[in-house]
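To start, the structure under review is shown below, and the notes come after it.
In this text the structure is predicted, and so the values were computed from the model without any measurement.
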Amino acid sequence: ILAAATYDTDTELGIMLGIEDKNIAGSGNILSSNLKINTEDLKYDINYTQFPLFNPFLSNTYSLYNQENDYTSSFGYKSLRQGFGYFLKFNDNSQTSYGIGANYEFIKGHSATNTSQLSITDNIGNFENVILNFTISKDTTNDIFNPSSGHYNQLKLNISPNGISDDPYIKFIYANKNYFNLKNTKNFIFFNNNIGYAESLKSKLKTINSFSLGGSNFKGFDFRGIGPIENNFYLGGNQFYTSTFGYGSSFLFDEKDNINVKLFLTAGSIGNSDYVSNNDFDIRSSAGISFDLISPVGPISFTIAQPLLKESNDKVRVFSFAIGNSF
């Protein structure tokens, strides 16, 4: 049984409730049910994971979910998602995994805050989509929350095919993280990169399927604070990238401390929204310092960052705080 509270300056206070049986009826299979609530998201899901006896490296996961999102302060509408899906995962060793799956999703967009703005009204109505998912990842890092050596690479590809989906599109996200331990010390340098590309296969890529930038994925800027806006509503973008270079230490004063400190410099941009003609990929950058405290309730992170390059419409946030997430 899980009951937890989380907090970050993106979606503020959150609550997670769950129940899980990791050996249902003595079969070795997993059945879980979860409820997640924050200021923007209300999601309930049920997942059943089955491990075939003939191959312990395979798993079959069946999912059913209901999700409500309140985007009125950002994209300008509310959304209801209901769906079910299947995902097949294969681990060829402890570091590399492959996955393929499919989801059926019903989306209802409603409560438009501006009925004359196309980026909002395009999301209003009922839509049915089939989404194919492909994932490959390799993780050689030495810690799940605060790695100091190793590499992490993950590629995700989502395809909503034309002809069987109301919103056909293609989207891929590549995450690359690199940590290099300095010899004879507990200090390290890191270089992390994220790239995203999405394109509609029919007309415009709706904002519900677009990328956003700022907040936890770009320190020094507000949540969804980078990128094009129209009439004070966020549009997101079809492409984005970020690169972060930094220096970290696993302790602050002595080896008994459980505080991790990082100095970092981030650069990146977002653009190519289908709803604006000005889609320049203007670079943004910020520099800062983060403190991650590893506590009995999980990581607690404090970050101070100052934008170095920004555009006039960007929203700045110097200080951020999170419980349950590290830098």
* Contact check, side chains of E40 and D10, non-hydrogen atoms, under 4.5 Å -> no

* Check F51 against L58 and note the closest heavy-atom contact, atom names and distance. => CD2-O, 3.6 Å

* Verify, without hydrogens or angle tests, whether Q117 (side chain) and E230 (backbone) share a donor-acceptor contact under 3.5 angstrom. => yes

* Is a donor on one side and an acceptor on the other found under 3.5 Å between the side chain of N129 and the backbone of I131? -> no

* Is there a path of hydrophobic side-chain contacts, each under 4.5 Å between heavy atoms of I, L, V, M, F, W or Y residues, that connects F57 with F54? -> yes

* Asked: Considering all heavy atoms of both residues, which atom of G85 and which atom of N103 are nearest to each other, and what is their separation?
  -> CA-OD1, 3.7 Å

* So, is the end of the K204 side chain (NZ or CZ) under 6.0 Å from the ring centre of Y275 and within 45° of the ring's axis? -> yes

* Asked: Quick check: does any side chain N or O of S148 sit under 3.5 Å from a backbone N or O of N181, one acting as donor and the other as acceptor?
  -> no

* So, do L132 and P161 sit near enough that their side-chain heavy atoms are less than 4.5 Å apart? -> yes

* S116 side chain to N114 side chain, donor-acceptor N/O pair below 3.5 angstrom -> yes

* Kindly confirm or rule out a cation-pi arrangement of K315 over Y234, judged by NZ or CZ under 6.0 Å from the six-membered ring centre and within 45° of its axis? => no

* Judged by atom type as modelled, is there a donor-acceptor pair below 3.5 Å linking the side chain of S165 to the main-chain atoms of V130? -> yes

* To do: Flag the pair K78 / E68 as yes when at least one side-chain heavy-atom distance between them is below 4.5 Å, and no otherwise.
  => no

* Without swapping roles, check the side chain of K310 against the backbone of V316 for a donor-acceptor pair under 3.5 Å. => no

* Asked: Are more than 12 heavy atoms from other residues, nucleotides or ligands located less than 6.0 Å from atom CZ of F134?
  -> yes

* Asked: Heavy atoms, side chains only, cut-off 4.5 Å: are L235 and D274 in contact?
  -> no

* Gap between atom CD1 of I173 and atom CZ of F240 - 0.5 Å precision -> 6.0 Å

* Distance-only, no hydrogens or angles: does the R317 side chain make a donor-acceptor pair with backbone N or O of T9 under 3.5 Å? -> yes

* Exam field: side chain N176 to backbone N178, donor-acceptor pair closer than 3.5 Å -> no

* Asked: So which heavy atom on F223 is nearest to which on T11, and how close?
  -> CE2-CG2, 4.2 Å

* When you look at N193 and Y241, which way does the side-chain hydrogen bond (donor to acceptor under 3.5 Å, both in side chains) test go after all the steps? -> CA-CA 7 Å; N193 305 280; Y241 75 93; over 6 Å; no

* Structure fact -> Which of L213, T244, D314, I270 passes side chain to side chain contact (heavy atoms under 4.5 Å, CB included) with F218? It is L213

* Asked: Are V318 and Q306 side-chain neighbours, meaning at least one heavy-atom pair lies under 4.5 Å?
  -> yes

* Does the side chain of S301 come within less than 4.5 Å of T303's, by heavy atoms? -> yes

* Asked: How long is the gap from CG on N153 to CD on Q95, to the nearest 0.5 Å?
  -> 11.5 Å

* **Stepwise salt bridge (charged side-chain N to carboxylate O under 4.0 Å, His left out) check, D41 with R81** => CA-CA 11 Å; D41 190 8; R81 294 176 182 258; over 6 Å; no

* To do: Would you confirm whether S33, through its side chain, and I19, through its main-chain N or O, come within 3.5 Å as a donor-acceptor pair?
  => no

* To do: Show your working on side-chain hydrogen bond (donor to acceptor under 3.5 Å, both in side chains) between T121 and Y77 and close with a plain yes or no.
  => CA-CA 9 Å; T121 56; Y77 55 87; over 6 Å; no

* Output field: ring centroids F302/F321 closer than 6.0 Å -> yes

* May I ask you to check whether S97 and S137 show a side-chain donor-acceptor distance below 3.5 Å? => yes

* Asked: Are the side chain of N158 and the backbone of N133 linked by a donor-acceptor contact shorter than 3.5 Å?
  -> no

* Asked: Would I226 and I229 show up in the same hydrophobic cluster when neighbours are defined by side-chain heavy atoms closer than 4.5 Å?
  -> yes

* Does S160 reach the main-chain N or O of D167 with its side chain, forming a donor-acceptor pair under 3.5 Å? -> yes

* **Qualifying residue for side-chain hydrogen bond (donor to acceptor under 3.5 Å, both in side chains) with Y48, from N29, T61, N60** => N29

* Would you mind reporting whether E199 and N238 have side-chain heavy atoms less than 4.5 Å apart? => yes

* **Single hit among N66, I107, N69 for side chain to side chain contact (heavy atoms under 4.5 Å, CB included) with L80** => N66

* Asked: Is there a path of hydrophobic side-chain contacts, each under 4.5 Å between heavy atoms of I, L, V, M, F, W or Y residues, that connects Y197 with L205?
  -> no

* To do: Would you kindly confirm whether I136 and L88 end up in one hydrophobic cluster when ILVMFWY residues are joined by side chain heavy atoms under 4.5 Å apart?
  => yes

* Does Y62 share a hydrophobic cluster with Y44, counting links as ILVMFWY side-chain heavy atoms below 4.5 Å and allowing steps through other members? -> yes

* Compute the centroid of each ring, for F180 and then for H151, and state whether the two points are separated by less than 6.0 Å. => yes

* **Close side-chain approach of Y152 to P147, heavy-atom, < 4.5 Å** => no

* Asked: Looking at Y169, is K206 sitting on its ring face, NZ or CZ under 6.0 Å from the six-membered ring centre and within 45 degrees of the normal?
  -> no

* Asked: Near D21 CG, under 6.0 Å, is it more than 12 heavy atoms from other residues, nucleotides or ligands?
  -> yes

* Any chance you could measure R224, atom CZ, to F211, atom CZ, to the nearest 0.5 Å? => 13.0 Å

* Asked: Strictly by modelled atom types, are Y71 and T207 linked by a side-chain donor-acceptor pair under 3.5 Å?
  -> no

